2 protein chains.
Amino acid sequence: MVPSPKKHAPAIRDAEATKTRILDAAEEEFAKGGLLGARTESIAAKTGVTKSMIFYHFGDKEGLYSAVLERAVSQRVASIQKTDIHNIDPEIALKNFVETFLRDLSGNSHLPAIFFYEGIQNKGRFYSQIAITSLYTPIVDILRRGTESGKFRDVDPLHAAVNIVGMCVFYYCNIDNVKHLWPAGTNPLSEEMKEMHRRMAVEQTVASVLIR
Amino acid sequence: MVPSPKKHAPAIRDAEATKTRILDAAEEEFAKGGLLGARTESIAAKTGVTKSMIFYHFGDKEGLYSAVLERAVSQRVASIQKTDIHNIDPEIALKNFVETFLRDLSGNSHLPAIFFYEGIQNKGRFYSQIAITSLYTPIVDILRRGTESGKFRDVDPLHAAVNIVGMCVFYYCNIDNVKHLWPAGTNPLSEEMKEMHRRMAVEQTVASVLIR
DNA sequence: GTCTATACGAGGATAGAC
DNA sequence: GTCTATCCTCGTATAGAC
């Protein structure tokens, strides 16, 4: 008796679910290698579908990439809008913003690397213009208010904002690099470590601009 | 009369000079795309020699990559050894270290991106273990001394050090991303801008850990 | 909507002339 | 030590069956 050629069980036919699964896997892969380094093959493998599905749903690799960025940015924007950054006290506003930003990152730690890659590899060709504005503008505004009110030092708000973001995201961008600083076995993405990083980053951010 | 087939004038035969030119071009290329994204072809083009020369002199792409990292790290180490980081006053030591680090970077602004890539793409497989130690150990030591002496806040020295490095290098890692924050035409790598960044980063670094 | 099979281009690496 | 020509693998993308 001829054994029926066992093919892959064609998974449940649910376009939206498949798209989401692909997006999640892609996010992970793009975070590792950027648009250039990501392999559609390995995204497919992670997702559990075939490569063709990626092209079916997203056209081409760049289409998938754009979709990932788009989803990420809209989440960011939504989160910012829920945050109280217009508090009269600029110190509280700054604290709120950074705190929320870091909580978002600890929930999805792939994003810093993705946007980093986007800037360096593609020079922001795809999206980061918007992402940048939505991230930096609030910080710059808060810093200006802080300086005017006399609570913050007389910093250059643009440079200060860039440096603050750097302080917040570097840890997540460099996990595999910096993890060797801690004893072997320490998980830099454990809740404890992420919370510790958040606490330190918030403290240092505020201290870095406050009048002393 | 038959025109002699004009070939490329085989450049001056100077192995060392050629190797250096290749290394310089490679540094630039690796800074843009990391080991994965760099194209031997375009390194060769920048250098003005053919692809084969790369393989002749460095064996393969990874060999070239290692050579670039090696050169960079040895420069870093040499620079650190010339810096007064053992000053009795931890504030001065920290200022010295960061100031020197940033001056080095402004002289070769490719390095942050290269080491960033190395960490994220190759997980430090090639070199950064050493690079990391040579960079972070001094900072951590200074922070410990500062906390013990009561001049610095009671920070977690490892997290604080990571955040400080992030504050210093982020600007250089993200030039093409953040440059849109300034008026069009502003050159983020001009001496004025680099100096401004250095001043702000030093100030913020010190303020971020100092008792207030 | 999902799979298999395959075309095709890009890029790392080698062979061999000069 | 440098160049030209070529090989071969890998990875994006498409065609077509189910």
Side-chain angles (χ1 to χ4, degrees), chain A residues 2-26 28-30 32-68 117 121-122 125-126, chain B residues 2-26 28-30 32-68 117 121-122 125-126:
Chain A
V2 183
S4 65
K6 190 72 173 287
K7 308 216 171 168
H8 262 183
I12 313 92
R13 291 187 166 227
D14 182 340
E16 280 314 307
T18 304
K19 281 178 81 169
T20 307
R21 293 219 320 285
I22 293 176
L23 280 173
D24 291 341
E28 201 182 319
E29 179 76 2
F30 284 129
K32 282 208 202 107
L35 173 59
L36 204 59
R39 298 286 167 248
T40 55
E41 177 63 48
S42 78
I43 295 174
K46 276 196 197 99
T47 310
V49 298
T50 53
K51 252 191 305 185
S52 347
M53 292 316 298
I54 292 175
F55 297 101
Y56 174 74
H57 284 295
F58 297 95
D60 59 6
K61 196 184 174 188
E62 291 194 354
L64 173 59
Y65 182 66
S66 297
V68 169
Y117 270 120
Q121 272 185 357
N122 315 319
R125 181 159 56 105
F126 288 92
Chain B
V2 181
S4 64
K6 191 71 174 286
K7 310 216 171 166
H8 264 184
I12 311 93
R13 290 184 167 229
D14 182 341
E16 279 314 307
T18 304
K19 281 178 82 168
T20 307
R21 293 219 320 286
I22 293 176
L23 280 173
D24 291 341
E28 202 181 319
E29 180 76 3
F30 284 128
K32 283 207 201 108
L35 173 59
L36 203 60
R39 297 288 165 246
T40 56
E41 177 63 49
S42 78
I43 295 174
K46 275 195 198 101
T47 311
V49 297
T50 53
K51 251 195 303 186
S52 344
M53 291 317 298
I54 292 175
F55 297 99
Y56 174 74
H57 284 295
F58 298 95
D60 60 6
K61 197 185 175 187
E62 291 194 354
L64 173 59
Y65 182 66
S66 297
V68 168
Y117 270 119
Q121 272 184 356
N122 315 319
R125 180 159 56 106
F126 288 92

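Computed from a predicted structure; not experimentally measured. Just so it is clear: chains get the letters A, B, ... in the order the sequence lines come, proteins before strands, and each one is counted from 1.
Closest-nucleotide positions on DNA chain C for A:H57 and A:K51 were compared, and the one nearer the 5' end corresponds to A:H57.
Going from atom CZ of A:F58 over to atom C1' of D:dT12 covers 16 Å, rounded to whole Å. Remark: P of D:dG1 and OH of B:Y56 are 4 Å apart, rounded to the nearest angstrom. Distance B:K61 NZ to C:dG11 P: 10 Å, rounded to the nearest Å. Following rounding to the nearest Å, B:M53 (CE) and C:dT14 (P) show an atom-to-atom distance of 15 Å. In this structure, the CD1 atom of B:I43 is 11 Å from the P atom of C:dA13, given to the nearest Å. Atom CZ of A:F55 is separated from atom P of C:dT6 by 18 Å (rounded to the nearest Å). Straight-line distance from the CG atom of A:L35 to the C1' atom of D:dG11: 13 Å, rounded to whole Å. Remark: P of D:dG11 and CG of A:L36 are 12 Å apart, rounded to the nearest angstrom.
Atoms NZ and CG, on A:K61 and A:L36 in that order, are 6.5 Å from each other to the nearest 0.5 Å. Note that CD of B:E41 and OG1 of B:T50 are 9.5 Å apart. Values are rounded to the nearest 0.5 Å.
Aromatic ring centroids of B:F30 and B:Y65 lie under 6.0 Å apart.
A:R125 places a side-chain heavy atom less than 4.5 Å from the side chain of A:E62.
Within 4.0 Å (heavy atoms only), B:A17 reaches no atom of the nucleic acid at all. At a threshold of 4.0 angstrom between heavy atoms, the contacts of B:A44 with the nucleic acid are absent.
Contact check, A:T18 against C:dT2: a side-chain N or O comes under 4.0 Å of OP1 or OP2. One finds a side-chain N or O of B:T40 lying less than 4.0 angstrom from the OP1 or OP2 phosphate oxygen of C:dG12. A:R39 has no side-chain polar atom (N or O) that falls below the 4.0 Å cut-off from OP1 or OP2 of D:dC10.
Evaluation of atom-type donor-acceptor distances gives no pair under 3.5 Å for the side chain of B:T50 against the base of D:dT4.
Each of A:T47, A:T18, A:L64 was scored for a side-chain contact (heavy atoms from CB on, under 4.5 Å) with A:I54, with one residue passing: A:L64.
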